[in-house]
Amino acid sequence: QVQLVESGGGLVQAGGSLRLSCAASERTFNWSGWFRQAPGKDREFVARITWSGRATYYVDSVKGRFTISRDNAKNTVDLQMDNLKPEDTAVYYCAAWPALVATSTPPGYWGQGTQVTVSS
């Protein structure tokens with residue numbers, strides 16, 4: 001079964017940047033993405049990318065600031081976060097949808113999460 005491991009989280013000042021990386025034990029040949037969850041709040045979709053990397057989708061609040069990418073040779077999916085805001089503070093989770101599973105359903109695989117804290 002696919003295992004996902006995130007890295008790159010940390011503390012950054014507002015306006016700064018972080019790059020998150022997700023390493024997968026194997027490819028799913030489907031969509032991969034990122035979610036985030038602040039304390040006491042529901043988990044929120046952030047971004048996703050096709051296996052080919054040729055199509056992406058972002059939640060409106062991060063458009064123009066975050067960029068998702070993938071490197072299938074390394075089995076990694078990255079999230080470049082620029083112009084970070086305090087509202088971006090959350091635990092960020094890497095996720096992947098198994099082959100033949102539509103993104104209208106929950107991802108089948110999750111990482112453990114990495115904390116991103118943006119100070120004002």
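None of these values were measured; they are calculated from a predicted model.
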- Task: Using the disulfide (SG to SG under 2.5 Å) rule, collect all pairs that involve residues 59-92, keeping only residues at least two apart or in two chains.
- Result: none
- Message: Enumerate the disulfide (SG to SG under 2.5 Å) contacts for residues 38-92, please, sequence neighbours excluded, ordered by first and then second residue.
- Response: none
Cut-off 3.5 Å, no hydrogens considered: what does the side-chain donor-acceptor table look like for residues 90-104, sequence neighbours left out?
| residue | atom | partner | partner atom | Å |
| --- | --- | --- | --- | --- |
| Y92 | OH | R36 | NH1 | 2.9 |
| Y92 | OH | D88 | O | 2.6 |
| W97 | NE1 | T105 | O | 2.7 |

So, [X] side chain and [Y] main chain: donor-acceptor pair closer than 3.5 Å or not?
| X | Y | answer |
| --- | --- | --- |
| E6 | G113 | yes |
| Q3 | A24 | no |
| T117 | L11 | no |
| N72 | W51 | yes |

- Sequence neighbours excluded, which residues qualify as side chain to side chain contact (heavy atoms under 4.5 Å, CB included) partners of P106?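 None.
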- Query: With sequence neighbours excluded, what pairs up with S52 under the side chain to side chain contact (heavy atoms under 4.5 Å, CB included) test?
  - Reply: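 Residues passing side chain to side chain contact (heavy atoms under 4.5 Å, CB included) with S52: T50, R54.
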- side chain to side chain contact (heavy atoms under 4.5 Å, CB included) partner of I68, chosen from V62, I49, V46: I49
- Query: Near Q112 CD, under 6.0 Å, is it more than 12 heavy atoms from other residues, nucleotides or ligands?
  - Reply: no
I'd like to check the side-chain hydrogen bond (donor to acceptor under 3.5 Å, both in side chains) partners of [X]; sequence neighbours left out, ordered by chain and number.
| X | answer |
| --- | --- |
| D78 | R19, S21 |
| S17 | D82 |
| T56 | none |

- Task: Mind checking salt bridge (charged side-chain N to carboxylate O under 4.0 Å, His left out) for D42 and listing every partner two or more places apart, or none if nothing turns up?
- Result: none
- Set of salt bridge (charged side-chain N to carboxylate O under 4.0 Å, His left out) partners for K41, sequence neighbours left out: none
- Joining Ile, Leu, Val, Met, Phe, Trp and Tyr whenever any side-chain heavy atoms lie under 4.5 Å apart, the cluster holding V5 also takes in none
- Just grab all the ring pair (Phe, Tyr, Trp, His ring centres under 6.0 Å) pairs involving residues 54-86, residues at least two apart or on different chains. F45-Y57
